Amino acid sequence: MHDIRRIREQPDQFREGLKAKHVEIDVDAILDLDRRRRESLTEVETLKNKRNTVSKEIGIRKKAGEDITPIREEMRVIGDRISEIDNQVRELEVALESALLAVPNLPHASVPVGADASENVEVRSWGEKPDLPFKPKTHVELAESLGLVDFERGAKISGSGFPLYTGAGARLERALIQFMLDIHTTEHGYREVSPPVVVNAASMTGTGQLPKMKEDMYHMQEDDLYLIPTAEVPVTNIYRDEILDSIPVYLTAYTPCFRREAGAAGRDTRGLIRVHQFDKVELVKFVDPATSYDELETLAGQAETILQRLGLPYRVLQLCSGDMSFAAAKCYDIELWAPGQNGWLEVSSCSNFEDFQARRAGIRYRDQHGKPQYVHTLNGSGVALARLFVALLENGQQEDGSIKLPDALGPYMGGTTTIGP
RNA sequence: GGAGGGGUGGCUGAGUGGUCGAAGGCGCGCGACUCGAAAUCGUGUGUGCGUGAUGAGCGUACCGGGGGUUCGAAUCCCUCCCCCUCCGCCA
């Protein structure tokens, strides 16, 4: 959410940012709501002031035994007028609030302007694509032949897009979670949390999934609760409506993630690339606004560390203004090379939200003057499991159909780094 | 799920219709005393919104959330949420 005062004071700068983001927002309508709200507010507060003053007087006069009937009648009229204008103010506030909630964050000055993914910029890459002396298999072929994932039974239990990991596949999933959490907690200074994966509407609004992404989430009508699409939601909302004693705060969490992928029907339907449920280790930061862009760089580096330890080739893209998510001011995507797909797979998205989420969620700290200020929030996948699983299989595949896993996973896989038939 | 009790400022804890943003205590800031400290004394110490110069000040709202009664609500009524105790069910 944006500061209405900033929109009021710098509407042109605001319009420009929205244009770069390729969204149509009627800024004048917002400003008009704001102006009408303030007018009504001033009017009603003047009346309330009168009522408060007179009411005190009534108390005193009544004690003195005076007749207060006429003045009470007069106040009744004012009271009616107050509730009338109060309703007006409330309506305007609700309208303004919902208008503001629909406005996306603006791109940071360092973000390249562009319309869509084709205009994202590769900022660096790491590792070499494996030179396989045979035709690479897809992770689906590998996983099925080695008994790592049972797609059919997953579909039977729940539906397509709900993979059932089995045997060494299930163990690999668990090993990766452990491996990543260990690095983030012992080397990168994050505190581990294990949050609820079911959240209420206020939490979804706080991080910006609601109202815009409603149709992409699993919603339980009976209890008005949502399955989380990412740990970002419960973890960021840990400090909703709080003033933090000290910043920065770094949190990491493993959770399953649930996505309906409503707009993606028919795309990437085979295998693990686009699924309704997947595991993810998430990194979340609450920081001083002055340092948030440095924090974004280290955040991306921490996600990259995981991939480097696993020896997987990747590239880092800076998203252009038009391709960034609703809440982000600046974002890097990290993509792994997958030989079986002959393409890149996004396994991490590292974003600085500046105060956009903090303002929605009411997360503040005290500056050097002791004044409450909004923190900047950041998060990044560190990293997403299903696609990492794909990349490990497809990059590690051997001619005989077995998988050679990175040495770093040895301790987490019971000492073995080979998955054979 | 049933019965009962309770949610007040950073913490504790008063306050059951009137000058209450809210006593007292603790904590914290500043000052005095002191060579310094402790103790003591004095003084200050919430947040949002509006207005104003993103100052001072002023106004308004906030005592779990929302609504109602009233000239006036922390206080009375309704409703929802959360916490505690007991019972039931259950991994």
Side-chain angles (χ1 to χ4, degrees), chain A residues 1-11 13-14 30-101 194-206 210 220-226 234 237-247 289-290 354-355 358-375:
Chain A
M1 182 143 71
H2 293 280
D3 185 355
I4 183 62
R5 279 171 294 199
R6 199 187 136 198
I7 301 175
R8 201 188 294 155
E9 283 155 23
Q10 305 169 324
Q13 191 188 359
F14 193 73
I30 291 175
L31 289 173
D32 187 54
L33 280 173
D34 174 52
R35 187 182 48 74
R36 284 158 59 205
R37 168 185 142 263
R38 283 181 295 136
E39 279 170 10
S40 296
L41 194 59
T42 304
E43 189 183 353
V44 79
E45 286 189 352
T46 306
L47 290 174
K48 282 180 179 174
N49 178 230
K50 173 152 194 197
R51 180 174 71 182
N52 287 344
T53 312
V54 175
S55 289
K56 275 180 192 169
E57 214 178 294
I58 288 176
I60 294 165
R61 288 213 213 168
K62 203 176 169 190
K63 239 174 221 165
E66 293 182 36
D67 176 22
I68 48 141
T69 313
I71 194 166
R72 193 155 69 183
E73 281 308 310
E74 192 188 326
M75 282 304 104
R76 191 198 299 279
V77 173
I78 287 184
D80 289 346
R81 180 75 183 134
I82 286 174
S83 54
E84 203 177 299
I85 306 174
D86 250 348
N87 284 334
Q88 229 175 70
V89 170
R90 200 171 309 143
E91 276 170 33
L92 288 165
E93 275 173 349
V94 167
L96 181 62
E97 168 99 354
S98 69
L100 285 176
L101 282 175
S194 181
V197 300
V198 170
V199 302
N200 56 31
S203 293
M204 284 296 190
T205 306
L210 284 179
M220 286 160 283
Q221 203 167 7
E222 193 75 28
D223 302 290
D224 195 21
L225 293 170
Y226 297 83
N237 277 284
I238 288 173
Y239 298 116
R240 172 152 48 86
D241 296 323
E242 291 190 29
I243 298 175
L244 296 173
D245 288 331
S246 70
I247 51 171
E354 297 189 352
D355 65 1
R359 194 176 289 282
R360 286 176 165 241
I363 307 172
R364 295 179 292 174
Y365 73 107
R366 290 191 187 276
D367 66 16
Q368 67 267 35
H369 307 297
K371 284 275 178 205
Q373 305 285 355
Y374 290 107
V375 300

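Quick caveat, the model's predicted, so the values are computed rather than measured. Per chain, numbering begins at 1; letters A, B, ... match sequence-line order.
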Is there a side-chain contact between [X] and [Y] (heavy atoms, below 4.5 Å)?
X: A/Lys48; Y: A/Asp86; result: yes
X: A/Leu101; Y: A/Leu210; result: no
X: A/Asn200; Y: A/Asp224; result: no

Classify [X] by what it touches in the nucleic acid, base, sugar-phosphate, or nothing, heavy-atom distance under 4.0 Å.
X: A/Ile243; answer: nothing
X: A/Arg35; answer: nothing
X: A/Arg366; answer: sugar-phosphate

Under-4.0 Å side-chain N/O to phosphate OP1/OP2 contact, [X] with [N]:
X: A/Asn52; N: B/A61; answer: yes
X: A/Arg38; N: B/C49; answer: no
X: A/Asn49; N: B/G59; answer: no

Closest to side chain of [X], choosing from [options]:
X: A/Arg364; options: B/G50, B/G48, B/G18; answer: B/G48
X: A/Arg51; options: B/G72, B/G18, B/G50; answer: B/G72
X: A/Lys62; options: B/G48, B/C49, B/C71; answer: B/C71
X: A/Arg76; options: B/U60, B/U19, B/C71; answer: B/C71

Given atom [atom1] of [X] and atom [atom2] of [N], what is their separation to the nearest angstrom?
X: A/Asp80; N: B/C71; atom1: CG; atom2: P; result: 9 Å
X: A/Ile68; N: B/C71; atom1: CD1; atom2: C1'; result: 7 Å
X: A/Asp86; N: B/A61; atom1: CG; atom2: C1'; result: 10 Å
X: A/Arg240; N: B/G64; atom1: CZ; atom2: C1'; result: 14 Å
X: A/His369; N: B/G29; atom1: NE2; atom2: P; result: 18 Å
X: A/Asp223; N: B/C81; atom1: CG; atom2: C1'; result: 14 Å
X: A/Ile85; N: B/A61; atom1: CD1; atom2: P; result: 14 Å
X: A/Lys63; N: B/C71; atom1: NZ; atom2: C1'; result: 15 Å

Which whole number of Å gives the distance between the [atom1] atom of [N] and that of [M]?
N: B/G48; M: B/G29; atom1: C1'; answer: 23 Å
N: B/C63; M: B/G7; atom1: C1'; answer: 10 Å
N: B/U75; M: B/G67; atom1: P; answer: 14 Å
N: B/A22; M: B/U45; atom1: C1'; answer: 15 Å
N: B/G68; M: B/A73; atom1: C1'; answer: 11 Å
N: B/C20; M: B/U79; atom1: C1'; answer: 26 Å
N: B/A56; M: B/U47; atom1: P; answer: 12 Å
N: B/C87; M: B/G10; atom1: P; answer: 36 Å

**Q.** Under-3.5 Å donor-acceptor pair between A/Glu45 side chain and B/G50 base
**A.** no

Should [N] form a Watson-Crick or G-U wobble pair with both distances under 3.5 Å, which nucleotide is its partner?
N: B/C11; answer: B/G25
N: B/G31; answer: B/C41
N: B/G18; answer: B/C71
N: B/U60; answer: B/G48
N: B/G36; answer: none
N: B/G88; answer: none

Q.
Here's a test of your reading of the structure: between A/Thr46 and A/Ile58, which maps to the more 5' nucleotide of RNA chain B?
A.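 It is A/Thr46, whose closest nucleotide lies nearer the 5' terminus.
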
(Q) Which is more 5' along RNA chain B, the nucleotide nearest A/Arg90 or the one nearest A/Arg5? Just name the residue. (A)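 The 5'-side residue here is A/Arg5.
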
(Q) If I take atom CG from residue A/Asp355 and atom CD from residue A/Gln373, how far apart are they, to the nearest 0.5 angstrom? (A) 10.0 Å

**Q.** Cationic N near anionic O, under 4.0 Å, A/Asp80 to A/Arg76
**A.** no

Q) Minimum heavy-atom separation for A/Gly206 to A/Arg360, with atom names? A) O-CB, 3.4 Å

(Q) Minimum heavy-atom separation for A/Arg240 and A/Ala202, please, with both atom names. (A) NH1-CB, 3.5 Å

Q: Could you go through the salt bridge (Lys or Arg N to Asp or Glu O under 4.0 Å) check for A/Glu9 and A/Arg5 one step at a time?
A: CA-CA 6 Å; A/Glu9 283 155 23; A/Arg5 279 171 294 199; over 6 Å; no

